[in-house]
Amino acid sequence: MPKLKVDDVEVEVPAGFTVLQACEVAGVEIPRFCYHDRLSIAGNCRMCLVEMEKSPKPIASCAMPAADNMVIKTNTPMAKKARQGVMEFLLINHPLDCPICDQGGECDLQDQAVAYGMDHSRYKENKRAVKDKYMGPLVKTIMTRCIHCTRCVRFATEVAGVEDLGLLYRGENAQITTYLEKAFASELSGNVIDLCPVGALTSKPYAFTARPWELRKTESVDVSDALGSNIRIDVRGNEVLRVLPRLNEDVNEEWISDKARFACDGLKRQRLDRPYVRKNGKLQPASWDEALTVAAEKLKAAGSKAAAIVGDLCDAESMVALKDLMAGLGATSIDCRQDGAKLDASVRGAYLFNAGIAGIEQADAILLIGTNPRAEAPVLSARLRKRFLAGSLKIAAIGPKVEMTFPMENLGAGAPTLAEVAEGRHAFFETLKGAKKPMLIIGQGALRGANGAAVLAAVRSLAEKAGVVKEDWNGFCVLHTAAARVGGLDLGLVPGAGGRDVAGILDGAGRGEVPVVYLLGSDEIDTSKLGSAFVIYQGHHGDAGANRADVILPGAAYTEKNGTYVNTEGRVQLGRLAAFPPGEAREDWKILRALSEKLGQPLPYDNLGQVRRRLVAVNPVFGTLEEAKPGAWGAFGQAGAMGSEPFASPISNFYMTDPISRASPTMAECTSVFLNGQARTGTHG
């Protein structure tokens with residue numbers, strides 16, 4: 001480990017560190033535009049110049065490896081003059097449009113011009129102008145501002161794995177472009193907005209909307225997939241204006257998907273803001289008292305025959321309240337697996353991403369089973385690509401042939417291939433067995449349908465035979481698509497003795513055997529199968545469930561309540577209230593508490609703290625936040641015939657998977673551009 005001096009402070013840094021990183025270890029801030037911790041070193045901007053003893057000129061600290069006995073000075077007249085010169089060069093062609101630039105107030109160029117630049121310029125020539133480029137419906141370009149740091153190009157190539165961006169021409173003619181005036185086709189494209197150190201790439205939906213100092217900032221978690229990406233919600237008044245990523249090395253690093261970032265405009269459209277009751281075949285506005293009374297009467301009459309289905313965006317507080325409400329009625333037909341996945345809730349290790357999201361970086365052989373991570377969890381897909389780029393990784397897939405951002409071998413389409421591997425008759429079985437840290441990633445596409453339990457049993461058998469589960473490593477990883485799924489399974493929201501699962505509830509409702517169905521934010525089921533059952537829908541958007549409902553109880557979206565969520569690896573995280581629910585809508589657990597009062601069986605909690613104590617009582621994992629608790633291993637699944645049907649990804653349209661994204665105009669435009677073949681256009685929209 002090299003030892004060097006930085007401004008008379010001796011530091012010891014790991015081998016491979018650069019001088020810039022060594023300066024940061026010493027507590028010295030070095031300005032930079034092109035350097036980024038997660039991208040390759042470019043050495044373009046020269047803003048990080050420092051003085052090195054015995055060097056006749058300043059060195060670029062981002063590109064110079066730290067070495068023994070180096071003496072670095074960061075604050076000498078030479079270093080200051082060098083930085084002032086670089087800043088003067090950068091500003092020669094930069095337009096003076098800070099007052100109308102969306103980056104104003106959070107711009108690296110502004111900050112560093114003040115801290116390291118001069119108060120005048122010696123250049124009087126006309127500024128260069130560059131034509132704006134089309135990058136699709138999400139990223140707005142003002143390319144005259146570009147300083148050619150190439151962060152966006154390196155992100156697209158290295159992290160997103162989409163070689164859509166590049167630098168054309170040379171010298172003062174150089175331009176960042178998408179080559180063929182094509183939309184930037186990546187599920188992670190919005191991250192270039194955060195990476196851009198100037199205002200060249202900004203958010204198109206957010207353009208000219210607000211200034212950063214107008215916004216109230218709330219730290220929360222994303223619910224658009226099961227990854228639990230850490231986010232910051234920016235609100236003005238009671239309107240969510242934008243969503244940005246927060247740093248969490250174990251979950252999403254500092255990236256979020258485009259759906260997590262841009263679907264927030266769906267929060268103000270098609271909202272349920274007051275209760276409704278169906279009268280004479282039409283939904284009519286009602287008071288809370290009337291709606292709760294009607295719902296309570298129907299539930300009382302149904303008693304133990306009532307059933308409940310839980311949706312994909314629910315928080316743990318509302319799920320435990322629903323579980324307790326149904327238990328009070330004696331009803332055991334309750335299910336949180338609305339896609340019909342045959343997940344086993346009795347063994348926690350059977351439904352977790354046991355190795356952890358960060359554990360992907362340790363794996364040396366990976367088999368994807370019935371999953372397309374690029375659509376189901378784009379940030380996890382980026383982690384897979386990161387591991388691939390590190391080398392020494394063998395990766396294969398069983399399922400549909402999809403275009404990933406890393407090369408992989410497709411072994412087959414479905415269960416017959418899985419049976420071959422599980423029985424040791426396929427070459428990839430030996431690859432898994434010979435690996436030090438093998439990983440199986442099982443998607444919901446393999447677990448849905450009548451044969452899902454048999455598939456789960458076969459994958460468990462493969463994991464045990466191939467040494468995927470060891471004393472110090474558990475590579476059995478289930479990739480969920482729903483933010484509420486792991487929390488629901490942790491709380492035991494699966495059919496009890498004599499209870500029906502989702503398919504059984506729909507079948508029973510169609511036959512008239514299930515008189516009342518309670519839908520808690522459940523919009524992904526086939527509502528046409530509910531027959532003549534009385535449907536109570538509690539949710540926040542006028543989607544499929546509300547359309548079929550006989551009583552609507554308006555709830556709060558994830559940005560409008562304090563809620564607990566458990567991600568695919570079993571990490572318990574808190575979402576926080578950033579804005580209040582619209583109109584008469586209320587937090588979900590409070591609605592269920594009020595309904596229990598009408599039923600004459602009040603739930604034993606009156607505030608959020610008491611509800612959370614109830615969560616811990618049901619399952620102790622809820623007592624530990626921000627930690628992926630390992631799941632116990634045991635027997636699960638149900639051995640049997642797996643059929644011959646090919647596995648299919650549960651997501652056909654990445655941009656519209658839940659009521660919020662389906663209500664979003666931005667996601668509708670993305671669907672049009674990326675899925676309906678309009679990604680290439682000659683116009684700048």
Side-chain angles (χ1 to χ4, degrees), residues 33-34 36 39 42 44 94-95 97 100-103 106-109 129-169 173-209 242-245 255-265 374 378-379 382 403 405 654-655 664-685:
F33 290 115
C34 68
H36 191 276
L39 304 176
N44 291 340
H94 199 79
D97 57 3
I100 58 112
C101 177
D102 272 322
Q103 199 84 346
E106 45 192 11
C107 173
D108 290 349
L109 190 65
V130 181
K131 183 185 173 186
D132 294 343
K133 305 296 187 292
Y134 174 73
M135 286 195 185
L138 303 177
V139 181
K140 180 182 177 184
T141 63
I142 307 93
M143 300 314 292
T144 300
R145 300 173 186 162
C146 180
I147 61 169
H148 302 155
C149 70
T150 68
R151 278 186 182 183
C152 57
V153 175
R154 284 175 284 147
F155 172 83
T157 304
E158 297 164 16
V159 179
V162 178
E163 296 186 357
D164 278 357
L165 301 183
L167 184 74
L168 292 185
Y169 314 124
N173 295 318
Q175 298 180 26
I176 301 287
T177 180
T178 53
Y179 299 121
L180 301 173
E181 289 289 304
K182 169 183 169 293
F184 181 12
S186 169
E187 297 80 10
L188 298 166
S189 65
N191 291 290
V192 299
I193 297 165
D194 300 329
L195 287 172
C196 185
V198 296
L201 304 178
T202 58
S203 170
K204 193 177 279 189
Y206 176 73
F208 308 123
T209 300
R242 66 176 180 177
V243 171
L244 299 176
W255 319 124
I256 54 172
S257 73
D258 288 348
K259 183 167 50 179
R261 184 187 297 267
F262 294 109
C264 60
D265 58 349
R374 188 171 174 184
V379 177
E403 186 180 347
T405 57
F654 162 73
Y655 296 101
S664 164
T666 304
M667 294 296 98
E669 192 175 351
C670 287
T671 300
S672 174
V673 169
F674 294 112
L675 299 183
N676 298 340
Q678 298 174 25
R680 191 171 280 113
T681 176
T683 60
H684 175 66

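Sequential numbering from 1 along the given sequence is applied to the chain's residues.
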Checklist entry - Can any side-chain N or O of Asp102 pair as donor or acceptor with the backbone N or O of Phe208 at less than 3.5 Å? => result yes
Checklist entry - Listed by chain and number, what are the side-chain hydrogen bond (donor to acceptor under 3.5 Å, both in side chains) partners of Asp194, not counting sequence neighbours? => result Arg261
Next on the checklist: I'd like to check the ring pair (Phe, Tyr, Trp, His ring centres under 6.0 Å) partners of Phe33; sequence neighbours left out, ordered by chain and number.
Outcome noted: none
Checklist entry - Do you know which two heavy atoms are closest between Val139 and Val192, and how far apart they sit? => result CG2-CG2, 4.1 Å
Next on the checklist: I'd like to know if the side chain of Ser257 and the backbone of Ala260 have a donor-acceptor N/O pair within less than 3.5 Å.
Outcome noted: yes
Checklist entry - Mind checking whether Val198 and Gln103 have side chains closer than 4.5 Å, heavy atoms only? => result no
Checklist entry - So do Met143 and Gln175 actually touch side chain to side chain, heavy atoms under 4.5 Å? => result no
Item to check | For the student: nearest non-hydrogen atoms of Arg374 and Ser186, plus distance | outcome: NH2-CA, 4.5 Å
Checklist entry - Out of Lys140, Lys133, Met135, which residue meets the side chain to side chain contact (heavy atoms under 4.5 Å, CB included) rule with Leu201? => result Met135
Item to check | Heavy-atom closest contact (Ala263 atom, Met667 atom, distance) | outcome: CB-CG, 3.9 Å
Checklist entry - According to the salt bridge (Lys or Arg N to Asp or Glu O under 4.0 Å) rule, which pairs have a member within residues 144-159, sequence neighbours left out? => result Asp97-Arg145
Next on the checklist: With a sphere of 6.0 Å drawn around CD of Glu106, does it hold more than 12 non-hydrogen atoms of other residues, nucleotides or ligands?
Outcome noted: yes
Checklist entry - Taking the side chain from Ser664 and the backbone from Thr666, do they hold a donor-acceptor pair closer than 3.5 Å? => result yes
Item to check | Shortest non-hydrogen contact between Pro205 and Pro137, atoms and distance | outcome: CD-O, 4.0 Å
Checklist entry - Any sub-3.5 Å donor-acceptor pair from Lys204's side-chain atoms to Gly136's backbone N or O? => result yes
Checklist entry - Given Cys146 and Val130, is the side chain to side chain contact (heavy atoms under 4.5 Å, CB included) satisfied, shown in steps? => result CA-CA 9 Å; Cys146 180; Val130 181; over 6 Å; no
Next on the checklist: So which atom in Ile193 and which in Leu138 form the shortest heavy-atom distance, rounded to 0.1 Å?
Outcome noted: CD1-O, 4.1 Å
Checklist entry - Ignoring hydrogens and geometry, is there a side-chain-to-backbone donor-acceptor pair from Asp164 to Thr178 under 3.5 Å? => result no
Next on the checklist: Taking the side chain as everything from C-beta on, heavy atoms only, tell me whether Cys107 gets closer than 4.5 Å to Cys101.
Outcome noted: no
Item to check | Steps toward side chain to side chain contact (heavy atoms under 4.5 Å, CB included) verdict (Phe155, Trp255) | outcome: CA-CA 11 Å; Phe155 172 83; Trp255 319 124; 3.8 Å; yes
Checklist entry - In Å and rounded to the nearest 0.5 Å, what is the OG1 to CG distance from Thr144 to Asp132? => result 6.0 Å
Item to check | Donor-acceptor contact present, side-chain His148 to main-chain Ala174, <3.5 Å | outcome: yes
Checklist entry - Are Cys670 and Phe262 close enough, and set up right, to give a side chain to side chain contact (heavy atoms under 4.5 Å, CB included), and what steps lead you there? => result CA-CA 10 Å; Cys670 287; Phe262 294 109; over 6 Å; no
Item to check | Minimum-distance pair of heavy atoms, taken over all atoms of Leu167 and Val153 | outcome: N-CG2, 4.5 Å
